[in-house]
Amino acid sequence: MYDGRNIFTFEKMIEQILSQYIIDAVSELYKINEVKLQFQKTRKDFEGDITLVVFPLTVYSKKSPEVTASEIGDYLTINTKEINNFNVVKGFLNLSVNDSCWVSLLTTAIKNNKFGFSDVKPDAEKYLVEYCSPNTNKPLHLGHIRNNLLGYSVAEILKASGKNVIKVQIINDRGIHICKSMVAWLEFANNETPESTGIKGDHLVGKYYVEFDKKYKDEVKGLISKGYSQNQAEKEAPIFLKAQEMLIKWEDKDENVIALWQKMNSWVYKGFEQTHKRLGVDFDKNYYESDTYLLGKDIVNEGLLNKVFFKKPDGSVWIDLSSDGLDEKIILRSDGTSVYMTQDIGTAIKRHQDFNFSHMTYTVGNEQDYHFKVLFKILEKLGYSWSRDCYHLSYGMVDLPTGKMKSREGTVVDADVLMEEMVVNAKNIAESLGKNQDLNSDEANILYENVGIGALKYFMLKVDPKKRMLFDPKESIDFNGNTGPFIQYTHARIKSILRKNKLELKIDKDLKLSLKEKELIKLILDFPKLVQESASSFSPAIIANYVFELVKEFNSYYQSTTILKADKDEVISFRVSLAKKTAYIIEKGMSLLGVSVPERM
RNA sequence: GGCUUUGUAGCUUAACUGGAUAGAGCACCUGAUUACGAAUCAGGAGGUUAGGGGUUCGAAUCCCUUCAGAGUCACCA
């Protein structure tokens, strides 16, 4: 019946058993055969475990909700062994499931060392998850952190739900942005390298992107004072023209340009690699825009012949989507160089050729909602029916207390700097609490890394991805309450108990449960359902909030109940088992968020 | 301005997709450590779910409308 490997959840299983009984009851009482039953968890302030909403049944019973509920409740307590009690509040029938039923469910969960996780079968659906996808002209910032953490976590959750997952990113390694850094580096850098300066490669390249912008603004200002219009000045500033020329040379494969491009990109990749490593994210395959944009161009030419696209007199290529409620969108510039959309078309097609995926997720900020609507529509018009399997995981921007991050105002929060601050903070807090005296310095450093980065990850993932979020540095360094370290701490405490336990663990079937024990068991049994739920809604926040709730419940239990010093061995053994499974869920749940939980802290 | 999207306690947020008295954390106030780790726990105060209207047994959730914020409408990415 109940099999923990299965995604069968406790609720479903109780519901299934009950459904049958209730259908019997209803057909006997009210002479109906087909009913849709609506269950929900009983709210904490009422007695009971599972609740049947009876309002919809009153249509058949032709009696008040209260009477209908009581009649069904009576029937169930008499005819089932699982239900031993019930109460009725308005139209809600609250049913109590007996202790031995809970104990046996917990036992099957404990026996299953992959509880909550579905096996990935060889023929499982193939899910591509794209995330990160940086430009190579500057280092990663706070926005990328949200992106990376989300993408990684969603990928892990999908795996746990039984999908075959492939993590990919598209590296935007070509285009006008990188040309800007290159031009500025040639003009101002005096051959600076990461080695000669000791600056991390991505930061060095970013520095020249900023230099470009400075110079550009100066030039624009100068031209305007000479009588140019704003628009004219922006288009004719000498350094801007140089960047444009360089892009054309790049597309013409000019040797010097390509060599410089490769050199600077290689600095950036080294830098990214470090950042990714510290953030704990990885990829199964990288795509490079420089490889896919040509395919995009080919497809565009093909689409021109098939009249999906059209050419304007100046040579630029467009698609008219006004009949689909969208606008005209440019696909190729008049000078023939490609835009973002061009390569996105190419990349999507390449990926489908490579993997023949059944689903592809793009983890990209909601500022690009329109872009993806257009992209999917274009793919559809080009005849790729798998366009409907593409999904834009659109997440909200990260704001600072001061408002939006703006590079112009220097309010961009750098990823490397932020991670370092979090780790230092973890260290300071631990030291001021006088913790970890017995760890050597290597162990301590690993711990601070886990706590600091874990705090950051949890902070960003506990919010619904769709929502815009506020990153308050002050609040992020708070390690109490709904935070990563709070959860890690609970895990460490349980581990401490497990180290001290001497008994062999086994569970007595006839134990009497306390209210808190029953609550804990119920939460534990929820885990598989929540993994599925967060997978189907692409939301790590569901897991994060669930683990927090579990941890709160455990802490409350821990405070009120002696575990190792209970008077009977079988009680100790049960309580330790319960704590152990709680630790398991904490560890697995947090691993889905990319957060590791320490043995001690 | 058109389209998209968001609005829940002072702040950060949850609500099983239409269900019960809207649930937490932070901050604030009061208590708990000779028990397995106090980075903890127990309790208090804090809400017209932006405003108004509608749909129905029942609305934070669905529809209409007003207000406020954000995004987007580029030969940018």
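Below, chains carry the letters A, B, ... as their sequence lines are ordered, and counting in each starts from 1. Worth saying up front: this structure is predicted, and the values here are computed from it rather than measured.
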Pairwise C1' distance for B:G18 and B:U55, with rounding to whole Å = 12 Å
What residues form a ring pair (Phe, Tyr, Trp, His ring centres under 6.0 Å) with A:Y558, not counting sequence neighbours?
-> none
Is a donor-acceptor pair below 3.5 Å formed from side chain A:T51 to base B:A20, judging by atom type as modelled?
-> yes
Integer angstrom distance from the P of B:G53 to that of B:A60 | 14 Å
Kindly say whether the aromatic ring centers of A:W250 and A:Y293 come within a distance under 6.0 Å.
-> yes
Has A:R43 got a side-chain N or O lying under 4.0 Å from the OP1 or OP2 atom of B:A22?
-> no
Go through B:U40, B:A39, B:U12 for me and flag the one nearest to the A:L470 side chain.
-> B:U12
Taking CG from A:L37 and P from B:G19, how many angstroms apart are they, rounded to a whole number?
-> 16 Å
Close residues, residues 484-492 of chain A, relative to RNA chain B [heavy-atom separation under 4.0 Å] = A:F486, A:Y489, A:A492
Take atom NZ of A:K235 as the centre, draw a 6.0 Å sphere, and report whether it contains more than 12 heavy atoms from other residues, nucleotides or ligands.
-> no
Closer than 4.0 Å, any side-chain N/O of A:S556 to the OP1 or OP2 of B:C41?
-> no
Does the gap between the ring centers of A:Y216 and A:F240 come in under 6.0 Å?
-> yes
Base of B:A20 and ring of A:F92 stacked, centres under 5.5 Å, planes under 30° | yes
Pairing partner (Watson-Crick or G-U wobble, both distances under 3.5 angstrom) of B:G46 = none
Considering only NZ, NE, NH1 and NH2 on the basic side and carboxylate oxygens on the acidic side, decide whether A:K217 and A:D213 come within less than 4.0 Å.
-> yes
Determine whether the side chains of A:T58 and A:K63 contain a donor N or O and an acceptor N or O closer than 3.5 Å.
-> no
Counting distance only, does the side-chain N/O of A:S133 pair as donor-acceptor with the main-chain N or O of A:I170 below 3.5 Å?
-> yes
Base-pairing mate for B:C3 - Watson-Crick or G-U, with both contacts under 3.5 Å = B:G71
Between A:K44 (NZ) and B:G19 (C1'), how many Å, whole number?
-> 19 Å
B:U33: pairing nucleotide in any strand, Watson-Crick or G-U under 3.5 angstrom = none
Would you say a side-chain N or O of A:K90 is under 4.0 Å from OP1 or OP2 of B:U21?
-> yes
Would you tell me if any nitrogen or oxygen in the side chain of A:R468 comes within less than 4.0 Å of OP1 or OP2 on B:A70?
-> no
With heavy atoms under 4.0 Å as the rule, sort A:S334 into base, sugar-phosphate or nothing.
-> base
Identify all side-chain donor-acceptor contacts of residues 542-553 of chain A below 3.5 Å with residues at least two apart in sequence or on another chain.
| from | atom 1 | to | atom 2 | distance (Å) |
| --- | --- | --- | --- | --- |
| A:N545 | ND2 | A:A541 | O | 3.1 |
| A:Y546 | OH | A:L523 | O | 2.6 |
| A:E553 | OE1 | A:K44 | NZ | 2.9 |

Begin from the C-alpha positions of A:T337 and A:D335 and carry the test side chain to side chain donor-acceptor pair (under 3.5 Å) through to its verdict.
-> CA-CA 6 Å; A:T337 57; A:D335 65 4; 2.7 Å; yes
Distance between the P atoms of B:U61 and B:G52, in whole angstroms?
-> 12 Å
Salt-bridge criterion met for A:E443 and A:R600 (N-O under 4.0 Å) = no
Determine if A:F55 stacks with B:G19; use a centre-to-centre distance below 5.5 Å and an interplanar angle below 30° as the criteria.
-> yes
Nearest-Å distance once atom C1' is located in both B:A20 and B:C11 | 29 Å
Does a side-chain N or O from A:N555 land closer than 4.0 Å to OP1 or OP2 of B:C41, or not?
-> yes
Are the charged groups of A:K522 and A:D49 less than 4.0 angstrom apart, N to O?
-> yes
If each of A:L564 and A:K462 is mapped to the nucleotide of RNA chain B with the nearest heavy atom, which maps nearer the 5' terminus, i.e. the 5' end?
-> A:K462
Round to the nearest Å and state the distance from A:K466 atom NZ to B:U6 atom C1'.
-> 12 Å
Atom OH of A:Y209 and atom P of B:C76: how far apart are they, to the nearest Å?
-> 12 Å
Could you check how far CG of A:L439 sits from C1' of B:G37, rounded to whole Å?
-> 13 Å
Pairing partner (Watson-Crick or G-U wobble, both distances under 3.5 angstrom) of B:U12 | B:A24
Residues A:R174 and A:S338: closest non-hydrogen pair is NH2-OG, 3.1 Å
Decide side-chain contact (heavy atoms from CB on, under 4.5 Å) for A:N172 and A:T136; before the verdict, give the C-alpha distance in whole Å, the side-chain angles of both, and the deciding distance to 0.1 Å.
-> CA-CA 6 Å; A:N172 299 299; A:T136 58; over 6 Å; no
Do the side chain of A:Q40 and the base of B:A20 come within less than 3.5 angstrom through a donor-acceptor pair of N or O atoms?
-> yes
Among B:A77, B:A32, B:C36, find the nucleotide with the atom closest to the side chain of A:I176.
-> B:A77
Calculate the interatomic distance between A:I563 atom CD1 and B:U40 atom P; express it in whole Å.
-> 17 Å
Whole-Å distance separating the CG atom of A:N436 from the C1' atom of B:G37 = 11 Å
Per nearest nucleotide of RNA chain B, the residue lying toward the 5' end, A:K180 or A:A430, is A:A430
Looking for any heavy atom pair under 4.0 Å, which part of the strands does A:D399 touch: base, sugar-phosphate only, or nothing?
-> nothing
What's touching nucleotides 25-27 of chain B from the protein side, N or O pairs under 3.5 Å?
| from | atom 1 | to | atom 2 | distance (Å) |
| --- | --- | --- | --- | --- |
| B:G25 | O2' | A:N482 | N | 3.1 |
| B:C26 | O3' | A:D478 | OD2 | 3.3 |

Pairs under 3.5 angstrom, nitrogen or oxygen only, protein versus nucleotides 71-74 of chain B, please.
| from | atom 1 | to | atom 2 | distance (Å) |
| --- | --- | --- | --- | --- |
| B:C73 | O2' | A:D327 | OD2 | 3.1 |

For A:D344, which contact category applies under a 4.0 Å heavy-atom criterion: base, sugar-phosphate, or nothing?
-> nothing
What nucleic acid atoms does A:S536 come within less than 4.0 Å of, heavy atoms only: base, sugar-phosphate, or nothing?
-> nothing
Which whole number of Å gives the distance between the C1' atom of B:A14 and that of B:U8?
-> 10 Å
Side-chain N or O of A:R333 less than 4.0 angstrom from OP1 or OP2 on B:A77?
-> yes
Output every pair passing side chain to side chain donor-acceptor pair (under 3.5 Å) with a member in residues 459-468 of chain A, not counting sequence neighbours, ordered by first then second residue.
-> A:D399-A:R468
B:U21: syn or anti, per glycosidic angle within 90° of 0 = anti
Heavy-atom count around A:E570 CD within 6.0 Å, excluding the residue itself: above 12?
-> yes
Taking the P atom of each, how far is B:C62 from B:U4, in whole Å?
-> 15 Å
Does a side-chain N or O from A:K435 land closer than 4.0 Å to OP1 or OP2 of B:A39, or not?
-> yes
Validation row, ring centre A:Y362 to ring centre A:F372 under 6.0 Å | yes
A:K522 NZ to B:C16 P, straight-line distance once rounded to whole Å = 18 Å
Do any side-chain nitrogens or oxygens of A:K467 fall under 4.0 Å of OP1 or OP2 in B:A14?
-> yes
